[in-house]
Amino acid sequence: MKLALALPDFLIDLESALVPLGRGDLLDQLKRADLQRWSYDDFADTTYLTLMEGDYAERFSLYDEIGVNVDLDAHGRVCGIEILEGQRIAERLGAASK
């Protein structure tokens, strides 16, 4: 499933945070990214979106802007997104998968 189709409003939020910081390159990747899987941690109220298998080498924090951390691999490719206060995203994804 394409991330852009699953969570179009979330991508708009990411755009409003990434472009002013000069990271439009990450937005371009996210618009094309496949959502491989996702998980929700009820205790931490955090949703994690896995876009690509592998280990992340860098975490780009948008915590102050929108409560999100973007994980990048060693080549600067987005491999995952951690969404703090992620219950509403998990609910959307759960509804979309039914």
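The figures here come from the full heavy-atom set of this structure, side chains too, leaving out hydrogens, waters and symmetry mates. Residue numbers start at 1 and run along the sequence shown.
Linking Ile, Leu, Val, Met, Phe, Trp and Tyr residues whenever their side-chain heavy atoms come within less than 4.5 Å places Val70 and Leu21 in a single cluster. Cluster membership check: Tyr48 does not share its hydrophobic cluster with Leu26, using side-chain heavy-atom separations under 4.5 Å among Ile, Leu, Val, Met, Phe, Trp and Tyr.
Under the 3.5 Å distance criterion, the side-chain polar atoms of Arg23 are left unmatched by any main-chain donor or acceptor of Val19. Between the side chain of Lys2 and the main chain of Arg32, a donor-acceptor pair closer than 3.5 Å is present. Of the possible polar contacts, one joining the Ser61 side chain to the Tyr63 backbone as a donor-acceptor pair under 3.5 Å is found. In this structure, Glu58 contributes its side chain and Leu72 its backbone to no donor-acceptor pair below 3.5 Å. Side-chain atoms of Asp73 come within 3.5 Å of backbone N or O of His75 as a donor-acceptor pair. Judged by distance alone, with hydrogens and angles left aside, the side-chain atoms of Asp71 form no donor-acceptor pair with the main-chain N or O of Glu82 at under 3.5 Å. Proximity of a side-chain donor or acceptor of Thr46 to a complementary backbone N or O of Ala44 within less than 3.5 Å is detected.
Nearest heavy-atom pair across Met1 and Ala6 is SD-CB, 3.1 Å. Residues Tyr56 and Cys79 come closest through the heavy atom pair CB-SG, 3.6 Å. The heavy-atom pair separating Val78 from Gln29 by the smallest distance is N-OE1, 2.7 Å. Gly86 and Tyr40 make their closest contact through C-CE1, 3.8 Å (heavy atoms, listed as atom of the first residue, atom of the second, distance). Across all non-hydrogen atoms, the minimal contact from Leu27 to Leu11 is CD1-O, 4.1 Å.
In this structure, the side chains of Leu30 and Leu3 come closer than 4.5 Å at one or more pairs of heavy atoms. Counting heavy atoms from C-beta outward, Leu7 and Leu49 have side chains that approach closer than 4.5 Å.
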Could you walk me through whether Asp41 and Thr47 pass the side chain to side chain contact (heavy atoms under 4.5 Å, CB included) test, one step at a time? CA-CA 6 Å; Asp41 180 334; Thr47 298; over 6 Å; no
When you look at Ile81 and Asn69, which way does the side chain to side chain contact (heavy atoms under 4.5 Å, CB included) test go after all the steps? CA-CA 6 Å; Ile81 303 170; Asn69 293 309; over 6 Å; no
With side chain to side chain contact (heavy atoms under 4.5 Å, CB included) as the criterion, how do Thr50 and Trp38 come out once you've worked through the C-alpha distance, each side chain's angles and the decisive distance to 0.1 Å? CA-CA 6 Å; Thr50 301; Trp38 62 275; over 6 Å; no
Go through Ile66 and Leu14 one step at a time and tell me if the side chain to side chain contact (heavy atoms under 4.5 Å, CB included) criterion holds. CA-CA 8 Å; Ile66 58 172; Leu14 283 169; 3.7 Å; yes
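By the neighbour-count criterion of 12 heavy atoms within 6.0 Å, atom CD of Glu85 is sparsely surrounded, having that number or fewer from other residues, nucleotides or ligands.
In this structure, CG on Asp34 lies 7.0 Å from CD on Gln36, to the nearest 0.5 angstrom.
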